[in-house]
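To find a chain, count down the sequence lines: A is the first, B the second, and so on, and within it residues start at 1. Computation of the quantities below employed the complete heavy-atom set of this structure, encompassing side-chain atoms and omitting hydrogens, waters and symmetry-equivalent molecules.
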Protein chains: 2
Amino acid sequence: MTASSTAALQLFVDRLTARSILTDEEQGAILALPSHRVEFRRKQDFVHIDEVTSYACLIASGVVGRFGQTATGARQTTAFHIAGDMVDLHSTVRPVGIGGLNALCEATILRVPHAAIREVAARYPAIAEAFWRDCMLDAAVLMQWVVNVGRRDARTRIAHVLCEMAIRIGEDRQILVEYDLPITQEQLGDAAALTSVHVNRSLKTLTDLVTIRHGRVRIRDWHALADVGEFEGSYLTADTAPDRQRRYLERP
Amino acid sequence: MTASSTAALQLFVDRLTARSILTDEEQGAILALPSHRVEFRRKQDFVHIDEVTSYACLIASGVVGRFGQTATGARQTTAFHIAGDMVDLHSTVRPVGIGGLNALCEATILRVPHAAIREVAARYPAIAEAFWRDCMLDAAVLMQWVVNVGRRDARTRIAHVLCEMAIRIGEDRQILVEYDLPITQEQLGDAAALTSVHVNRSLKTLTDLVTIRHGRVRIRDWHALADVGEFEGSYLTADTAPDRQRRYLERP
DNA sequence: CGCGAACTTGACTGTAGTCAACCTGCGTGG
DNA sequence: CCACGCAGGTTGACTACAGTCAAGTTCGCG
């Protein structure tokens, strides 16, 4: 247990407690999870499609993409994950792979054994609940992603993704009008289901609203960008209001 | 508690026990869940977008689509659900809406109060685990959907959806080469992110492999259809092997 | 028998993909 | 310290897949 692994676990706890109530003891149990630190370089696949792992991946730093692939090898990113995300939390109950993981930039990952996660979830039902809820937030994001990719045009798709990341990276603070997202236009295209060429052209038409330079997103007009991106962030934040934080699975 | 509501709950239990081990007592607790039967007609929205409900919807019969919508009102179906599916199981831990529900054909729904679901999940950790796992299967399907809609062409998308439904409807039996899917070409388009016109044309090019008439899908050449649809069903079935059925959250 | 929903077809349009060339900026090594 | 190489970004010309619009046709149902 190093200092930095504790810091990463604390980010994870913060993420959970934004939506779930956990006692100090429960938070402590999560912070005490064993982990093994691994570093990956930019563009490296570190979990392959269909790979079955015995650990979940907690992101200590960097940005990670989950992806699927077609028969011809075209990639589709299905989710971005940021520091504090336990990317494979779902594998706690369903260890079969749902896509590969790729480091979008240099990333530090803590591998947390499934066994330890299951143990803590079994011991504290409120933790299991918090994990489950966290998985459901990811699912809500995924559903938006389907709508985005399926029914919106290029400009709108890109704007939507950039808005989503602004909210997620700025979690429980205000909306971040400027944030690091060190991805190439090609990687943004993999997420928005566009080619890099078309991302490039679309991004140019958005210059007044948002720019990306050197892996940093600068939103110049949040309101206009959210408008273009048809972005309505309640699916991300609706359950962070205090009165919705519950411990539903508390024993009678 | 009517005979038919028991039958629907039994379908739900069957669905759960395909992937999770539940004792007779636990199965009994699920079968004893209270419910309120409601009928909906074809094409009726019965849960609106962003609606927050106090109950989950168990499908007793019919096919239901979950959908999202763009600002211009274009619909994108993000999931099909069939008899035995507890459509809103995720709302057990996260009651905020993730899209609306629409009856694709005449459907019978059992409304099961969240409170009762939470109670049974709190009392039996293995049930909570089975619920969570079930939610994760839906998420896996959703991820495939993103890849499908984002990166495949029309023919492939349609073939993929039809293969997926064949597996899901034929669950734990063999692949069904013929099954009821009483949806219009327009509704299939909403799922595959295509217009009804293009669905129509694409379907014609697939006539040798699959036909849809009177709401019944007839797969004439499963192998060829799966090939066209780039369909690899392991994401649906990988955890139904006996050795993977586990009770991870059992108390020590 | 007549109506309406769903399906079918054709002609045309348009958004995004493809291919290819070129530019720019950064890191590395001579 | 400059030259080179390379990854990423930019632009243009052309293509093509799917959307749009509109006019039938078919089929089931009242």
Qualifying side chain to side chain donor-acceptor pair (under 3.5 Å) pairs, either residue in residues 139-148 of chain B, two or more places apart: B:Asn148-B:Arg152
Taking only residues two or more places apart in sequence or in another chain, which ones pass side chain to side chain contact (heavy atoms under 4.5 Å, CB included) with B:Asp180? B:Arg216
What pairs meet the salt bridge (Lys or Arg N to Asp or Glu O under 4.0 Å) rule with one or both residues in residues 194-203 of chain A, with sequence neighbours excluded? none
Could you give all pairs that pass the salt bridge (Lys or Arg N to Asp or Glu O under 4.0 Å) test and reach residues 60-75 of chain A, with sequence neighbours left out? A:Asp45-A:Arg75, A:Arg66-A:Asp88
Sequence neighbours excluded, the answer for ring pair (Phe, Tyr, Trp, His ring centres under 6.0 Å) partners of B:Phe46 is B:Phe40
Can you list, by residue number, the residues of residues 62-75 of chain B that have a non-hydrogen atom closer than 4.0 angstrom to DNA chain D? none
To the nearest angstrom, how far is A:Glu186 atom CD from D:dT10 atom P? 14 Å
Answer yes or no: does a side-chain N or O of B:Gln185 lie under 4.0 Å from OP1 or OP2 of C:dA5? no
Would you mind building the protein contact string for nucleotides 24-29 of chain D? One character per nucleotide, 5' to 3', B for base within reach (heavy atoms under 4.0 Å), S for sugar-phosphate only, - for untouched. ----S-
Short side-chain N/O contact to C:dC7 OP1/OP2 from B:Asn200, under 4.0 Å: no
Calculate the interatomic distance between A:Gln187 atom CD and D:dA7 atom C1'; express it in whole Å. 12 Å
If a pair satisfies ring-ring contact (aromatic ring centres under 6.0 Å, His included) and one of its residues is in residues 187-220 of chain B, list it, with sequence neighbours excluded. none
Contact state string [nucleotides 16-24 of chain C, B base, S sugar-phosphate only, - no protein heavy atom under 4.0 Å]: BSBB-----
Below 4.0 Å: OP1/OP2 of C:dT9 and any side-chain N or O of B:Lys204: yes
Is there any salt bridge (Lys or Arg N to Asp or Glu O under 4.0 Å) pair reaching into residues 94-108 of chain A, and which pairs are they, with sequence neighbours excluded? A:Arg94-B:Asp239
B:His160: what forms a ring pair (Phe, Tyr, Trp, His ring centres under 6.0 Å) with it, not counting sequence neighbours? B:Phe231
Tell me, please, which residues at least two apart from A:Ser202 pass side-chain hydrogen bond (donor to acceptor under 3.5 Å, both in side chains). none
